[in-house]
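To keep things clear, I will list the structure first and then write my remarks on it.
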Amino acid sequence: MTRTTSPPLCDPELSPRVLARELDISVRTLHRALAATDESVTAHIRHQRLEQARHPRSTPAPRTLPCRERGVSSGSATTRR
């Protein structure tokens, strides 16, 4: 699943339903598109968030942010403790 623009990964509400709506396709079509990769849509979102957090230069968050805040900025964590 590649696209020049994509919904922000930092959005904690990002889900297969939201992603499908952003891509203007059905949720079923979205799941079918990723079926060949053996990765669910949710797993794909999680993987992309982890990659974004791993490479802080690719995120809008400064490199000096603590790990927890970097996770929040990439959408893979919350500020709740």
Side-chain angles (χ1 to χ4, degrees):
M1 179 168 47
T2 23
R3 201 183 139 134
T4 54
T5 60
S6 59
L9 291 171
C10 61
D11 181 358
E13 300 299 315
L14 185 60
S15 66
R17 183 181 53 78
V18 171
L19 184 56
R21 185 176 57 232
E22 290 287 325
L23 296 171
D24 198 27
I25 60 174
S26 71
V27 175
R28 185 175 184 171
T29 299
L30 179 61
H31 283 287
R32 271 190 300 204
L34 281 175
T37 67
D38 291 328
E39 184 175 53
S40 70
V41 176
T42 304
H44 180 76
I45 292 170
R46 182 174 45 251
H47 177 79
Q48 293 301 310
R49 285 176 172 165
L50 290 171
E51 282 299 309
Q52 189 175 31
R54 185 178 304 152
H55 303 288
R57 283 180 242 197
S58 66
T59 66
R63 283 192 81 171
T64 56
L65 282 178
C67 288
R68 181 171 186 75
E69 293 303 315
R70 228 182 286 157
V72 170
S73 73
S74 68
S76 58
T78 64
T79 54
R80 286 183 265 155
R81 292 191 182 242

Checklist entry - What pairs with A35 under side-chain contact (heavy atoms from CB on, under 4.5 Å), at least two apart in sequence or on another chain? => result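 A35 satisfies side-chain contact (heavy atoms from CB on, under 4.5 Å) with no residue once adjacent residues are dropped.
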
Using every non-hydrogen atom in the two residues, find where [X] and [Y] come nearest and quote the distance to one decimal.
X: E13; Y: V18; value: O-CG2, 3.5 Å
X: R49; Y: P12; value: NH2-CA, 4.1 Å
X: T42; Y: P16; value: OG1-CG, 3.7 Å

Next on the checklist: Taking V27 as the starting point, is it possible to reach L34 by hopping between hydrophobic residues whose side chains are less than 4.5 Å apart?
Outcome noted: no

Checklist entry - R17: what forms a side chain to side chain donor-acceptor pair (under 3.5 Å) with it, not counting sequence neighbours? => result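 Result, side chain to side chain donor-acceptor pair (under 3.5 Å) vs R17: none returned.
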
Checklist entry - Who are the side chain to side chain donor-acceptor pair (under 3.5 Å) partners of S15, not counting sequence neighbours? => result none

Item to check | Euclidean distance, R21 CZ relative to L23 CG, rounded to 0.5 Å | outcome: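 Those atoms lie 11.0 Å apart.
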
Next on the checklist: side-chain contact (heavy atoms from CB on, under 4.5 Å) for H44 and L19? Distances and angles first, verdict last.
Outcome noted: CA-CA 11 Å; H44 180 76; L19 184 56; 5.5 Å; no

